[in-house]
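Given the structure is predicted, the values throughout are model-derived calculations rather than measurements.
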Amino acid sequence: TDAYGAGGGIAQYNRDLFQALARCGHVGKVVVLTRNGTAATGDVPDKVHQLPARPGRLAFTYQAIRSIRQHGPFDLIFCGHLYMAPLAALLSKMAGTPLWLQLHGIEAWQRPKPLQRWAAERAQFITAVSRHTRRLFLGWANCTPEAVKVLPNTVDERFSPGPKPEALLERYQLHGKKVLLTVSRLAASERYKGHDRVIQAVAELHRTHPDIVYVVAGDGDGLEVGHERPIRHHAFASIHAKPP
């Protein structure tokens with residue numbers, strides 16, 4: 001799916017995975033097919049070759065099939081999203097190699113379309129970002145539980161506990177407050193992430209913990225949509241929830 005030059009959590013997950021594979025002595029080459037994004041010079045590690053992005057479904061499918069012949073042979077086909085599993089299963093059959101399917105969350109929590117289920121059940125190896133996603137996937141997929149492993153999201157070494165930035169404490173009046181932080185894209189189409197639920201919960205908690213503050217770091221078209229208390233700051237929004 002997406003990797004270098006693209007935004008979003010799945011693209012970051014893929015970049016972390018490919019970087020780890022590139023550092024592995026047993027890996028000779030990783031060929032990446034993406035729907036979006038253009039990799040900047042120096043962003044792609046050695047051993048990783050990212051092909052030009054093809055956002056259109058037909059163009060992406062054509063490039064994927066063509067790459068099997070042009071860039072192979074391959075030892076493994078990695079599919080970064082359940083929605084792409086039917087194409088990945090086809091590539092796996094064409095290349096005669098095992099299929100590795102990655103599960104990220106909500107897309108695997110309920111039974112998908114028959115073709116996606118068929119493809120997922122033909123993967124020899126499946127990884128999920130959490131035990132919760134693994135459990136729900138196994139609830140509908142006819143797969144051997146031993147073939148489904150948990151491979152969680154990673155955290156960059158730069159993100160480690162440290163002193164709170166004084167400028168942000170001043171800007172959002174956070175001195176002496178208990179801060180609950182969410183870092184997420186704020187898309188109107190992704191209400192399932194639950195920002196509204198947290199806002200409602202914090203409003204209740206405020207009765208017994210008046211010093212609690214909910215801080216949201218993110219941007220997107222959901223900033224002004226569907227919130228009883230709209231998130232108005234573009235990059236770093238703080239919500240001082242109060243009881244209704």
**Student:** If every non-hydrogen atom of C79 is compared with every non-hydrogen atom of A85, which pair is closest and at what distance?
**Tutor:** SG-N, 3.7 Å
**Student:** Return the set of residues passing side-chain hydrogen bond (donor to acceptor under 3.5 Å, both in side chains) with R35 (not counting sequence neighbours), or none when no residue passes.
**Tutor:** D2
**Student:** Is there a donor in the side chain of D196 and an acceptor in the side chain of Q200, or the other way round, less than 3.5 Å apart?
**Tutor:** no
**Student:** Report yes if the side chains of V148 and P145 come closer than 4.5 Å at any heavy-atom pair, otherwise no.
**Tutor:** no
**Student:** What is the distance from atom CD of Q19 to atom CG of L21, rounded to the nearest 0.5 Å?
**Tutor:** 10.5 Å
**Student:** Quick check: closest heavy atoms across A119 and A89, and the distance to 0.1 Å?
**Tutor:** CB-CB, 4.0 Å
**Student:** Could you walk me through whether T34 and Y4 pass the side chain to side chain donor-acceptor pair (under 3.5 Å) check?
**Tutor:** CA-CA 8 Å; T34 63; Y4 300 94; over 6 Å; no
**Student:** Atom NZ of residue position K93 - does it have more than 12 heavy atoms of other residues, nucleotides or ligands inside 6.0 Å?
**Tutor:** no
**Student:** What about Y13 and V183, same hydrophobic cluster or not, with Ile/Leu/Val/Met/Phe/Trp/Tyr joined at side-chain heavy-atom distances under 4.5 Å?
**Tutor:** no
**Student:** Under a single-linkage definition using a 4.5 Å side-chain heavy-atom cutoff for Ile, Leu, Val, Met, Phe, Trp and Tyr, are F60 and V31 assigned to the same hydrophobic cluster?
**Tutor:** yes
**Student:** Return the CG to CZ distance between N142 and R122, rounded to the nearest 0.5 Å.
**Tutor:** 9.0 Å
**Student:** Can you name the residues that form a side-chain hydrogen bond (donor to acceptor under 3.5 Å, both in side chains) with T127, not counting sequence neighbours?
**Tutor:** W100, Q102
**Student:** Counting only heavy atoms from other residues, nucleotides and ligands, does the tally under 6.0 Å from OH of Y62 exceed 12?
**Tutor:** no
**Student:** Under 4.5 Å between side-chain heavy atoms, counting indirect links through other Ile/Leu/Val/Met/Phe/Trp/Tyr residues: same cluster for L87 and L115 or not?
**Tutor:** no
**Student:** If I compare all heavy atoms of A120 with all of L101, which pair ends up nearest, and what's the gap?
**Tutor:** CB-CD2, 3.7 Å
**Student:** Please find the pair of heavy atoms, one from C143 and one from L138, that lie closest to each other, and give the distance.
**Tutor:** O-CD2, 4.0 Å
**Student:** Check whether more than 12 heavy atoms from other residues, nucleotides or ligands sit under 6.0 Å from atom CD of Q110, and answer yes or no.
**Tutor:** no
**Student:** Could you measure the distance from the NZ atom of K164 to the CG atom of L168? Nearest 0.5 Å is fine.
**Tutor:** 11.0 Å
**Student:** Evaluate the criterion side chain to side chain contact (heavy atoms under 4.5 Å, CB included) for residue pair H175 and E170; output intermediate values, then yes/no.
**Tutor:** CA-CA 7 Å; H175 284 286; E170 291 288 345; 3.2 Å; yes
**Student:** From Q116 CD over to H81 NE2, what is the distance, rounded to the nearest 0.5 angstrom?
**Tutor:** 9.0 Å
**Student:** Just jot down the salt bridge (Lys or Arg N to Asp or Glu O under 4.0 Å) partners of R69, sequence neighbours excluded, or say none.
**Tutor:** none
**Student:** Taking the side chain as C-beta and beyond, is there a heavy-atom pair between V213 and L174 under 4.5 Å?
**Tutor:** yes
**Student:** Look at atom CG of D211 and say whether more than 12 heavy atoms of other residues, nucleotides or ligands are closer to it than 6.0 Å.
**Tutor:** yes
**Student:** Could you tell me which residues satisfy salt bridge (Lys or Arg N to Asp or Glu O under 4.0 Å) with R134, sequence neighbours excluded, listed by chain and number?
**Tutor:** none
**Student:** Would you call L51 and V32 a side-chain contact if the rule is heavy atoms closer than 4.5 Å?
**Tutor:** no
**Student:** Whether the side chain of S92 engages the backbone of A88 through a donor-acceptor N/O pair (distance < 3.5 Å, no angle test) should be reported.
**Tutor:** no
**Student:** Are I126 and L82 grouped together when hydrophobic residues (ILVMFWY) are joined by side-chain heavy atoms under 4.5 angstrom apart?
**Tutor:** yes
**Student:** Given side chains that start at C-beta, do those of Q63 and L33 come closer than 4.5 Å, heavy atoms only?
**Tutor:** yes
**Student:** Using side-chain heavy atoms (C-beta onward) and a distance below 4.5 Å, is I68 in contact with F74?
**Tutor:** yes
**Student:** How about CG on D43, more than 12 heavy atoms from neighbouring residues, nucleotides or ligands closer than 6.0 Å, or not?
**Tutor:** yes
**Student:** Could you pull out the closest heavy-atom pair between G25 and K47, with the gap in Å?
**Tutor:** CA-NZ, 4.3 Å
**Student:** Knowing that exactly one of T144, L76, L99, T97 qualifies, which makes a side chain to side chain contact (heavy atoms under 4.5 Å, CB included) with Q124?
**Tutor:** L99
**Student:** Which residue in the set L205, V198, V216 passes side chain to side chain contact (heavy atoms under 4.5 Å, CB included) when paired with L180?
**Tutor:** V198
**Student:** Heavy-atom distance under 4.5 Å between the side chains of L103 and V129, does that happen here?
**Tutor:** no
**Student:** How far does CZ of R66 sit from CZ of R54, to the nearest 0.5 angstrom?
**Tutor:** 8.5 Å
**Student:** Around H49, counting heavy atoms of other residues, nucleotides and ligands shown, do more than 12 lie under 6.0 Å from its NE2?
**Tutor:** yes
**Student:** Restricting to salt bridge (Lys or Arg N to Asp or Glu O under 4.0 Å), what partner residues turn up for R117, sequence neighbours left out?
**Tutor:** E121
**Student:** Test of understanding: clusters of I, L, V, M, F, W, Y form through side-chain heavy atoms closer than 4.5 Å, transitively. Do L58 and M84 belong to the same one?
**Tutor:** no
**Student:** Under the side chain to side chain contact (heavy atoms under 4.5 Å, CB included) criterion, do T182 and Y214 qualify, and how do the steps go?
**Tutor:** CA-CA 8 Å; T182 291; Y214 182 33; 2.8 Å; yes
**Student:** Going by the angle between their ring planes, with limits at 30° and 60°, are F137 and W140 parallel, tilted or perpendicular?
**Tutor:** perpendicular
**Student:** CG of L17 to CG of L151: how many Å apart, nearest 0.5 Å?
**Tutor:** 6.5 Å
**Student:** Do V27 and F18 have side-chain heavy atoms sitting under 4.5 Å apart?
**Tutor:** no
**Student:** Which heavy atom of A6 sits nearest a heavy atom of A11, and at what distance?
**Tutor:** O-CB, 3.7 Å
**Student:** Just to verify, what does T1 make a side-chain hydrogen bond (donor to acceptor under 3.5 Å, both in side chains) with, not counting sequence neighbours?
**Tutor:** N14
**Student:** Do V155 and N153 come within less than 4.5 Å of each other through their side chains, counting heavy atoms only?
**Tutor:** no
**Student:** Has S67 got a side-chain atom pairing as donor or acceptor with A64's backbone, closer than 3.5 angstrom?
**Tutor:** yes
